[in-house]
**Q** 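Next up is a structure, given as structure tokens.
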Amino acid sequence: MTERYKVRAPSDELYRQVFLLLDQHVPVFVASEKRRVLSTGEIPNSILNRIRELGATVTPEFQYDQDARNLVS
């Protein structure tokens, strides 16, 4: 299964920068400008490192990981 990630930006400007960067390289499933959160597919390491350098946080979305869900069930 493909991993999914949640990307949080601390500011509106960073949110827009990260959104544009991600939108060019990976699927963005959900974009919440109000919360400054993006839900994406797998992010290549080079993009992931760049996003973190800019100041955004990236966390795996376990609710979409079937293996992790089976451990909780």
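Keep in mind the model is a prediction, meaning the values are calculated, not measured.
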**Q** Distance from Arg50 atom CZ to Leu22 atom CG, nearest 0.5 Å?
**A** 12.0 Å

**Q** Given the rule in the side chain to side chain contact (heavy atoms under 4.5 Å, CB included) test, do Glu42 and Val26 qualify, once you have shown the distances and angles that lead to the verdict?
**A** CA-CA 7 Å; Glu42 286 192 52; Val26 299; over 6 Å; no

**Q** Does the side chain of Thr40 pick up a donor-acceptor pair with the side chain of Arg4 at under 3.5 Å?
**A**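 Judged by distance alone, the side chains do not pair up.
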
**Q** Hey, mind stepping through Thr57 and Val7 against side chain to side chain contact (heavy atoms under 4.5 Å, CB included) and telling me if it holds?
**A** CA-CA 6 Å; Thr57 58; Val7 180; over 6 Å; no

**Q** Ignoring hydrogens, what is the shortest heavy-atom contact between Phe19 and Val28? Give both atom names and the distance.
**A**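 Heavy-atom minimum between the residues: CE1-CG1, 4.0 Å.
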
**Q** Using the rule that Ile, Leu, Val, Met, Phe, Trp and Tyr join whenever any side-chain heavy atoms are under 4.5 Å apart, tell me whether Leu21 and Tyr5 fall into a single cluster.
**A**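 Per the 4.5 Å side-chain linkage, Leu21 and Tyr5 are co-clustered.
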
**Q** Taking all non-hydrogen atoms of both residues, which atom of Leu14 and which atom of Gly55 are closest, and how far apart?
**A** CD2-C, 3.7 Å

**Q** Report the C-alpha separation of Val30 and Leu38 in whole Å, then their side-chain angles, then the decisive distance to 0.1 Å, and conclude whether the side chain to side chain contact (heavy atoms under 4.5 Å, CB included) test is met.
**A** CA-CA 6 Å; Val30 178; Leu38 301 161; over 6 Å; no

**Q** Look up atom CG in Asp12 and atom CD in Gln17, then write down how far apart they are to the nearest 0.5 Å.
**A** 11.5 Å

**Q** Indicate the atoms forming the closest heavy-atom contact of Pro10 with Ala56, along with that distance.
**A**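 Result for this residue pair: CD-CA, 4.3 Å.
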
**Q** Closer than 3.5 angstrom, by distance alone: can the side chain of Asn49 be matched with the main-chain N or O of Asn45 as a donor-acceptor pair?
**A** yes

**Q** Is Phe29 linked to Val37 within one hydrophobic cluster, defined over Ile, Leu, Val, Met, Phe, Trp and Tyr using a side-chain heavy-atom separation of less than 4.5 Å?
**A**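 The answer is no; the residues belong to distinct hydrophobic clusters.
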
**Q** More than 12 non-hydrogen atoms from neighbouring residues, nucleotides or ligands closer than 6.0 Å to CZ on Arg35, yes or no?
**A** no

**Q** Shortest non-hydrogen contact from His25 to Ile47?
**A**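 The pair with the smallest heavy-atom distance is CD2-CD1, 3.6 Å.
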
**Q** Using modelled atom types only, decide if a donor and an acceptor are shared between the side chain of Arg36 and the backbone of Ala9 within a distance under 3.5 Å.
**A**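 Yes, the answer is positive, given that a donor and an acceptor are paired below the 3.5 Å cut-off.
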
